[in-house]
Protein chains: 2
Amino acid sequence: MQRPEPPSGCGDRPTRRKARREERRDAILEVAKRYFLEHGYAGTTMSGIAASLGGSKGTLWSYYASKDLLFGDVLDRVTEVFRQQLGMALHRDAPVETALVTVCAEFLTRLTNPEAIALHRLVVGEAGRFPELGRIFYERGPQRVHSLLSRYIAEAMARGDLTQDDPDVAANVLSALCLAGHHQKLMVGMIDCLPPDEAEDWARKAVAIFLRTYR
Amino acid sequence: MQRPEPPSGCGDRPTRRKARREERRDAILEVAKRYFLEHGYAGTTMSGIAASLGGSKGTLWSYYASKDLLFGDVLDRVTEVFRQQLGMALHRDAPVETALVTVCAEFLTRLTNPEAIALHRLVVGEAGRFPELGRIFYERGPQRVHSLLSRYIAEAMARGDLTQDDPDVAANVLSALCLAGHHQKLMVGMIDCLPPDEAEDWARKAVAIFLRTYR
DNA sequence: AAAAAAATGTACTCTATGGTACGGTCATGC
DNA sequence: GCATGACCGTACCATAGAGTACATTTTTTT
């Protein structure tokens, strides 16, 4: 349990401390994320987080001087998931239908997983009081997905694979079709998760309807 | 300012009192509604409502013994708006396209007005902690609209005005198309209200796309 | 006019919670 | 091995807000 690291590293002197600190910060964010997503902003207590963390309140405050600051960092961390979402596979060499079905199924799967729903609820619930929160979320989440889709659709239109039209509108239509019905039910808690295979099935239907108009 | 009522009414003795009480209860609900819609459940304080009401806390508590109870009644009142929504004009004798455009525009207008958005935010934000809330809202709001649409579509299909298919799916598709893009932006606060005429314009587009598939 | 019911204002209790202070302990780094 | 920074536990402060108590006043009923 001693430091198993060569003492040669002299570029970052207090390296062991810093590493531990990062680790701890990570743990804090993880716990806080759980709390915020589960109980909302107002429903989350710093004392609760501290307790759940095992450590003392003093420690927590030494990392985050206020609830607001902690909330900010948690948001940063949570929207990271959405940033990765950008990595969604939009195979430009596959046939349009295949590419769209794949991306829609992926989109639907990600947007309907419990954590995404919890985040969505949190954002929507607090959007009235933290306008910034809504903006940040939108720009990092829906907006990027929209751009991605829109760009792909524009290219497909240019290639002649889709009929010429406003690609922005088309992208909106496609994502709306994807979420139709399911998302709202999830958001208000009428269902807890998507039935298995439903993402794939519905993606096919959505794309079919989309192509009926755009091809 | 004396009682200008004939003293003959002996069926409901203390009528003056009861009337006043109903009035007061109404005022309470109105103020509470404003608070809850604006600040969410946790952000609303009974003391604040009492103060805003002008009266004293004792009075407020004599009507509602707890915040939860008050919240419940506020919800009842607010979802009434949605119940009326059922009165939406679905002209069964008009051409399908006209009927759908009308109902979609109406739907979009109602769903995007600030109070509806505030309610939606409230419900979604608290759905995790008050599962009942989500259910009540869903049943009184989206579900009824869905049934209405679905029934109309089924009839149109039977008449041969729309191609035979699952009317439930079709209804979902139509309402999703209606809300495409706009609703999400409103919910996260990216925009505050719909641009004028946008409801009408978008309703036409949505119905056009819908009919491309279902006719 | 007198009694009953309801409303008011004020002051209070109790609990939760954000945030602080501090003395002791343990790991880290020199 | 010793100084230092991080951590722990715990007790604490201040404030907000739910809910209560009560003495006083207003309104309604009879």
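Heavy-atom basis, side chains included; hydrogens, waters and symmetry copies ignored. Convention: sequence-line order gives letters A, B, ...; per-chain numbering from 1.
When atom types are taken as modelled, the side chain of S150(B) and the backbone of S147(B) share no donor-acceptor pair closer than 3.5 angstrom. Between the side chain of W202(B) and the main chain of L177(B), a donor-acceptor pair closer than 3.5 Å is present.
Near DNA chain D, meaning a heavy atom under 4.0 Å from it, residues 51-69 of chain B has K57(B), W61(B), S66(B), K67(B) in order of number. A heavy-atom distance below 4.0 Å to DNA chain D is reached by these residues of residues 21-28 of chain A, ordered by number: R21(A), R24(A).
Within a 6.0 Å radius of CG in D68(B), other residues, nucleotides and ligands contribute more than 12 heavy atoms.
L90(B) is not listed as a side-chain neighbour of R151(B), based on a closest heavy-atom distance of 4.5 Å or more.
Counting to the nearest Å, the C1' atom of dG17(D) and the CG atom of L70(B) are 15 Å from each other. K18(B) has its NZ atom 10 Å from the P atom of dA6(C), to the nearest Å. Atom CD1 of I49(A) and atom C1' of dG19(C) are 14 Å apart (whole Å).
Rounding to the nearest 0.5 angstrom, the gap separating the CD1 atom in I153(A) from the CG atom in D165(A) is 10.0 Å. One distance of note links CD of E106(A) with SG of C178(A); it measures 11.5 Å at 0.5 Å rounding. In this structure, CG on L111(A) lies 9.5 Å from CE on M187(A), to the nearest 0.5 angstrom.
Side chains of H182(B) and N172(A): no donor on one and acceptor on the other come within 3.5 Å.
For the pair K67(B) and F36(B), the cation-pi test (distance below 6.0 Å, angle within 45°) is failed.
An angle of 20°, rounded to 10°, separates the two end axes of the helix from dA1(C)-dT30(D) to dC30(C)-dG1(D), each defined over five pairs.
Looking at E30(B) and R34(B), no side-chain N of the basic residue comes within less than 4.0 Å of a carboxylate O on the acidic one, giving no salt bridge.
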